[in-house]
Protein chains: 2
Amino acid sequence: MVMNQTIYEMNGKQFQCPIELSVSIFSGKWKTTIICQLLEGKKRYGELNKNIVGITHKMLAQQLRELEEAGIVHRQVYPATPPKVEYKLTVLGEGLRPIVEYLQEWGKHFESSMSTDP
Amino acid sequence: MVMNQTIYEMNGKQFQCPIELSVSIFSGKWKTTIICQLLEGKKRYGELNKNIVGITHKMLAQQLRELEEAGIVHRQVYPATPPKVEYKLTVLGEGLRPIVEYLQEWGKHFESSMSTDP
DNA sequence: CTGTATCCTAGCTGATACTG
DNA sequence: CAGTATCAGCTAGGATACAG
């Protein structure tokens with residue numbers, strides 16, 4: 001059963017149900033793309049920047065920071081020159097895999113219904 | 001396996017994978033709340049407006065329209081005075097139920113990790 | 001290589017009033 | 001009852017330049 005009416009709060013934002021909270025986690029233009037990337041495994045900052053077409057330094061850094069603060073992404077710094085930073089999903093982040101896979105299935109289903117339904 | 005790099009297009013917006021497309025469907029401040037409501041069953045406009053705390057006419061109408069255009073919500077008008085309009089999920093929309101339920105579970109898990117993790 | 005800091009804009013969102 | 005119209009504010013996102 002799907003709940004509602006209860007008010008959840010996090011970082012000053014309010015949510016009417018846990019689902020809103022979850023969705024707010026990967027709302028943001030690049031969050032899902034980043035998560036997709038990291039579902040493939042550990043990645044360096046530069047790799048992400050190269051793989052994710054169109055993203056800017058600012059947005060990549062910012063969205064990574066938000067994912068990190070949410071406890072979804074772990075940031076590993078190797079002190080060296082030049083610096084090396086690796087990002088990977090936390091256990092919590094890995095828990096998103098089934099959702100992401102289901103979203104992918106549903107997205108494909110959605111696409112095909114678009115061509116036959118309108 | 002999670003795909004990427006392929007470009008999907010819909011309504012002029014571009015997506016790098018089906019997941020982005022899916023997420024874009026229920027991104028929007030009230031979309032998930034509306035979907036939650038309709039997962040409980042058919043609802044009238046006034047019911048939604050009453051149940052969803054804080055939403056305005058404009059946003060409710062607008063988000064419902066977008067969900068309708070995406071083929072997630074069906075709008076049934078009963079010609080009468082005063083008018084009566086019912087909204088319900090389409091088959092495609094019902095397909096979101098497992099996602100919503102998983103998001104709820106994950107959201108709760110997320111909450112508890114917030115209190116023990118930081 | 002891995003970021004910050006600034007500045008700027010489009011578009012989402014809300015308040016309010018009006019309508020069939 | 002179930003919307004639409006208009007206007008205004010905020011904020012997410014992008015371009016660009018700078019930095020450790």
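Computed from a predicted structure; not experimentally measured. Chain A is the first sequence line, chain B the second, and so forth, proteins listed ahead of strands; every chain is numbered from 1.
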**Prompt:** With sequence neighbours left out, which residue pairs that include part of residues 66-99 of chain A fulfil the ring pair (Phe, Tyr, Trp, His ring centres under 6.0 Å) condition?
**Reply:** none
**Asked** Once you round it to whole Å, what is the distance between P of D:dA2 and CD of B:Glu68?
**Response** 15 Å
**Asked** Are any of the side-chain heavy atoms of A:Arg44 and A:Glu47 separated by less than 4.5 Å?
**Response** yes
**Prompt:** What's the CG-C1' distance between A:Leu60 and C:dT2, to the nearest Å?
**Reply:** 10 Å
**Message:** Quick one, B:Ile34 and B:Leu60 - any side-chain contact, counting heavy atoms below 4.5 Å?
**Reply:** yes
**Message:** Can you work out whether A:Pro83 or A:Glu66 has the more 5'-proximal nearest nucleotide on DNA chain D?
**Reply:** A:Glu66
**Ring centroid separation B:Phe110 to B:Trp106 under 6.0 Å** = yes
**Base versus backbone protein contacts along nucleotides 3-16 of chain C [heavy-atom cut-off under 4.0 Å; B, S, -]** = BBBBB-----BBB-
**Request:** Using five pairs at either end of the helix from C:dC1-D:dG20 to C:dG20-D:dC1, determine the angle between the two local helix axes and round it to 10 degrees.
**Result:** 50°
**Asked** Could you state the CD1-P distance from B:Ile34 to D:dA2, rounded to the nearest angstrom?
**Response** 14 Å
**Prompt:** For the pair made of NZ in B:Lys43 and P in D:dG3, what is the distance, rounded to whole Å?
**Reply:** 16 Å
**Message:** Between B:His109 and B:Tyr102 (judged by ring centroids, cut-off 6.0 Å), do the two rings come close enough to count as a pair?
**Reply:** no
**Asked** Should B:Leu67 and B:Trp30 count as side-chain neighbours, where that means a heavy-atom distance under 4.5 Å?
**Response** no
**Asked** Is any side-chain heavy atom of A:Leu89 closer than 4.5 Å to a side-chain heavy atom of A:Val73?
**Response** yes
**Prompt:** Whole-Å distance between D:dG3 P and B:Gln76 CD?
**Reply:** 12 Å
**Item:** Integer-rounded Å distance: D:dG3 C1' and B:Lys50 NZ
**Value:** 19 Å
**Request:** Look at A:Arg44 and C:dT2 and indicate whether a side-chain polar atom (N or O) is within less than 4.0 Å of OP1 or OP2.
**Result:** yes
**Asked** With distance as the sole criterion, is a donor-acceptor pair present between the side chains of B:Ser22 and A:Gln104 under 3.5 Å?
**Response** no
**Item:** Ionic contact status for B:Lys31 with B:Glu66, cut-off 4.0 Å
**Value:** yes
